[in-house]
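It should be emphasised that the depicted structure is a prediction, and the values quoted were computed from it without experimental measurement. Naming convention: chains lettered A, B, ... in sequence-line order (proteins, then strands); numbering from 1 in each chain. We use all heavy atoms of the structure for the numbers below, so side chains are in, but hydrogens, waters and symmetry mates are not.
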2 protein chains.
Amino acid sequence: MRALVGVLCALLLLLGLPDRAAAEDSYELWLRYRPLPAAARAGVPGAVAVDPAERDARVLAARDELFRAFAAMSGGMGGGGEVVLGTPATSARVRALRLDLGDLGDEGYLVRRVMTGGRPVTVVAANGGAGVLYGAFALIRRLQLGRPVEERSAPKVRLRVLNHWDNLDRSVERGYAGQSIWDWWRLPGHKDPRYVDYARANASLGINGTILNNVNAKADSLTAPYLAKAAAVADVLRPYGMKVYLSARFSAPIELGGLETADPLDPSVQAWWRAKADEIYRVIPDFGGFLVKANSEGQPGPRDYGRSHADGANMLAEALRPHGGAVMWRAFVYQETDPEDRAKQAYTEFKPQDGRFAPNVLVQVKNGPIDFQPREPFHPLFGAMPRTPLMLEFQITKEYLGFATHLVYLGELFAETLRSDTYARGPGSTVSRVVDGSLDGHRLTGMAGVANIGSDRDWTGSTFDQANWYAFGRLAWDPDASARTVAAEWAGLTFTTDPAFARPVADLMMASRQAMVDYMTPLGLAHLMGTGHHHGPAPWVSDLARPEWNPAYYHRADARGIGFDRTSKGSNAVGQYAGPAARRFARPETTGEDHLLWFHHLPWDHRMPGGATLWETLVRRYDRGVAAVAGFRARWAGLRPFVDAERWSKTADLLKVQEEEARWWRDASVAYWRSLNGRALPPGSPEPAHPLEYYKALRFPYAPGQAH
Amino acid sequence: MRALVGVLCALLLLLGLPDRAAAEDSYELWLRYRPLPAAARAGVPGAVAVDPAERDARVLAARDELFRAFAAMSGGMGGGGEVVLGTPATSARVRALRLDLGDLGDEGYLVRRVMTGGRPVTVVAANGGAGVLYGAFALIRRLQLGRPVEERSAPKVRLRVLNHWDNLDRSVERGYAGQSIWDWWRLPGHKDPRYVDYARANASLGINGTILNNVNAKADSLTAPYLAKAAAVADVLRPYGMKVYLSARFSAPIELGGLETADPLDPSVQAWWRAKADEIYRVIPDFGGFLVKANSEGQPGPRDYGRSHADGANMLAEALRPHGGAVMWRAFVYQETDPEDRAKQAYTEFKPQDGRFAPNVLVQVKNGPIDFQPREPFHPLFGAMPRTPLMLEFQITKEYLGFATHLVYLGELFAETLRSDTYARGPGSTVSRVVDGSLDGHRLTGMAGVANIGSDRDWTGSTFDQANWYAFGRLAWDPDASARTVAAEWAGLTFTTDPAFARPVADLMMASRQAMVDYMTPLGLAHLMGTGHHHGPAPWVSDLARPEWNPAYYHRADARGIGFDRTSKGSNAVGQYAGPAARRFARPETTGEDHLLWFHHLPWDHRMPGGATLWETLVRRYDRGVAAVAGFRARWAGLRPFVDAERWSKTADLLKVQEEEARWWRDASVAYWRSLNGRALPPGSPEPAHPLEYYKALRFPYAPGQAH
């Protein structure tokens, strides 16, 4: 026996078990293939079959992924029969089964157990290679989670993409997980093997595109050297069903082409973009298209020439059209010269252009009308542009939500937006039905997530931030999926399916977003973060050049009250919503606590439904948020037996920081509001740890995620 | 048998062999513990013993490292007796052996095989915990390399430190391996486990200190929040014998203290620094001291107040003295207002101050008089300041040497400097004897290396750049060590000791530096790199604001000739060297090819020793450099069987880029020189691939390593 152990150890070592490399450092994400419980191992298939003539790289990638996963999950004990993989078009065995794949489209899949030749076989079938790949990942996931393997699924949204706000110098705007994973300097000469793992992770969620560079774009990304680099990335991603897109700088015809204008109606400008598109497709034949931030926060755009956003988008769409590319045109525009409520400006600008966009243009709209706050009402454009495909933009990276330090599960935030009812075509006109095209009959649909991915070993800066990437992908596939189900699924894949772990962790995740709202921006407050970096509280800031950059612009607090009056007596932003929604938001009583101060300016003594004053309730919410994080810490401490030391410790470290920062948010905010209203704290609510001046003096010049 | 294999696989998988994490990604550096050849395994000790009362963290770290290494190297077959570890002061077993440790100092060690109680025992003994730790790593290294384990060694240099040019925003000036490994944002709340591996790697080389932040320092690094972060790092490094130092911004008393001056003779300034030192030592009791870049390239310093460098250094030294700290004061100064040859200015400034520095000050001098070029003569200050400890500064990161892309082994460059004879006290007055203090009788000695370490998984941007970190550490321990021996040792530890691999790789490494000199800056040319980023050739640049920033300043080429006349007829930089060296450099015939154009301006038709003209020889050198890199590629292709796929491929990718860039250097340089001298290329030497204007038009705005 001792000799046997020796042999085993020797073998282990021969296989090169490295030191720290073998630690659980979260690199594997949710593709953490481990031996299943003994009883389940026999159910792991022992063989994978594709047609010998199969040439679709996605089907071959699916086969390789199944090999890898089965070998690891079966612990060498797999015997659960064979998996047959393919499309009716290329696999005779799949064709022979005469499966009903009619409603699965290009990317849907069917996983089914069938008997062929008297033997049980698991079939992963689809109409195209991407579907086969997604089906393979679904099969793996179901095995990992101990669920029955049969599944029939097709994506409800067509373009499911990440937006990387990654710069060419490898910095990442609003990135909190190291540098860009795109090592532009070494590309195309060297392709980091990590690109493959990035593609695997995305394919496992059905994410089928990625915009490689920042929406605040440099024209250089469209030069030949950088197109060669992008092409090298595209070559790696293609077998995983992912297309590459680029953010395009609208003034590139001037900067690169030497033209005197970028006017979208100028024929020389149009010709320049057509030639550029042709050049791109020569090196990236399946290039996805352009993402454009125009006339927003200093970016150039068609308005510089008195043209409309539709004029600009349509010019690019025309250049891409012969190649099948799409334009994703962002609606995130607001003008420093426009005195209108910032929350209203995108609607005001875009709504009149509904119907004017070319068929291969999507207008990309952030989930809320301001900018990725801990909580916002849904954007009023949803439902308001029925003749235009509206692409929903979520921010996965937590610019305003504690960076990668705070544990905040965004699946809950995403789902809240998606299930919001716009009432555009009566009750049930949810944002999800706008986005999936079913409300207005669009076939070109999309959902974008601003990536939280970086060069950090754990990809996202913390293990729990991986859940936000995961949730985005799952909800982009199915906008009606349950955030809680997705959370539990992620926890099971990433740690353990033991319900004694996965259940409390899912509870914690689901509670985490409200906790943050409570300790940062309760009761519908928003945009109170530190200037520029958005780290920590700064509700007192009111001296920035542009009015709508100031927290004071958003909270409008004074000695008498707090909140932004967006009713008809104020900015009338409520008027941008459809009837029932507008009526709900018009009165404090029906608005509800979540958006109360977003839509209403109220006296501190305003009576809340429970009878407490607004001020008392506000302080109680801060206290509740801090207490919730303390509770998360305690819960995580109790889960130590389920998690390896490295991942447990890092999460515990970050939760400790989060609790400190939650207290800081609460103390600084309470101290500031009190400096305005002069009121006492409710009984039992502790005094802030420091005087207000202490919080005002804090500076964070080296906070991550700031543009250079 | 099949069942056994199944069990084995199951066990492997239970141990959680990850996917890509298990790939050979160079993370382990030279601490790549693998099973030894079968015959050698029995010689691996099976037990490690320290005194039960041992409390020295360094001895305990040594024990843990031996456990880890023996377990891996023995493949479970170890039986080579016991290792006893400790100092006579704390280990009764070591004391009983009455070993002669007299000449080993605090950090030296003895590894010896002895018989105790009739059984063979390997003893790792030292006078202090650091020595025990270094001895343990030496024992591991000797076992890895298959050498007899007995060794007696003590460092010749006392302060063996890395200089991190790492900024507080995590960018790294002249860094080509990702971000800073110091994750300031998450410190002190979270300590990346990677810091431990950093400490292990350094301890394995005997590196005993690290300067955490850029010499272009921000005062913020001296604030309480950042001192807490530095203290957290110090806590991790301490068990590995490493002290933490900080780069100090000279004007911090103004920026942080609100004083109106940083004049080193001002009592309030002195008091501020004393209080700051006291504050630092409260949180980092073994703080090493300050590194200072003063009055250089825009940094503030004592000259701003009409005080000398000695005045500035001594003020800081006085603040650190009660705590045992040291000041490392850089001699890298040159003035834009000074018309003197830049190569002379440091000597002119510092030589007169010899003898004026406090006892705990070292003056840190770069290896050459300009700035880390592919080749420079040794700095004339070496040997010229006998009453001052001169610390040698090498640059491990390859700012001017092709970044992390080009394979250039710097051990050869370091050794060339160290063995250079200053003749300061007659023949044999080598730089190594200045640095190790033996020439002038200094006990406080030091060597610094500007780190090439970053957040990249492979630490240094390429596997072969790890060799430069390794070589720096080994040569800091023993400045007389052979660069070739060190190269072969590194290759053996990092890849395989198979001589069919290690020998050709060591040959390649030893040839690599001359190859780079040939294709970049042959025959003593220097500083011809692109402006700012220092990537690629730009010998034509002559329009920068400061004369000494221009390549044209250095090569002085025109229609008639090329080179910088530093003889008595020119700048007389040769006059800064001691007699025999000065006489050698005074005439082209005796200077030798390596430094020919560094010291002499010569006509293109100057006859070289072999009879060819200077122009012909210059072109031949470029051609030789390009051919050498092509040879490296071919050699590496032949070594594929010895190396895992991932490390082999990345090196092959980079060698391909290096060959392209070598050709670019050669073509652009030749095209430019020919535009001046109008000469034909020697027979058989190919035409440049592009006209000169093509090379002049190349731009690299996103090159890594540039300060923000």
Check the surroundings of atom CZ in B:Arg663: do more than 12 heavy atoms from other residues, nucleotides or ligands lie under 6.0 Å from it? no
Is it the side chain or the backbone of B:Asp644 that comes within 4.5 Å of chain A heavy atoms, both, or neither? neither
From the list B:Ser649, B:Pro701, B:Ala404, B:Gly461, the residue making the most non-hydrogen contacts under 4.5 Å with chain A is B:Gly461
Based on non-hydrogen pairs under 4.5 Å, which of B:Glu660, B:Lys191, B:Arg699, B:Lys650 is most in contact with chain A? B:Lys650
Of A:Arg32, A:Lys656, A:Lys218, A:Arg186, the largest count of non-hydrogen pairs under 4.5 angstrom with chain B goes to A:Arg186
Do A:Glu646 and A:Arg457 sit within salt-bridge range, that is, some charged N less than 4.0 Å from a carboxylate O? no
Using the ring centroid of each side chain, check whether A:Tyr226 and A:Trp182 are separated by less than 6.0 Å. no
Between A:Tyr694 and A:Trp664, ring centroids under 6.0 Å: no
Evaluate B:His533 against A:Trp185 for ring-ring contact (aromatic ring centres under 6.0 Å, His included), listing each step before the verdict. CA-CA 13 Å; B:His533 48 64; A:Trp185 187 250; 7.7 Å; no
When the 4.5 angstrom heavy-atom criterion is applied to A:Tyr176 and chain B, the contacting part is backbone
Where on B:Asp183 is there a heavy atom nearer than 4.5 Å to chain A: the side chain, the backbone, both, or neither? neither
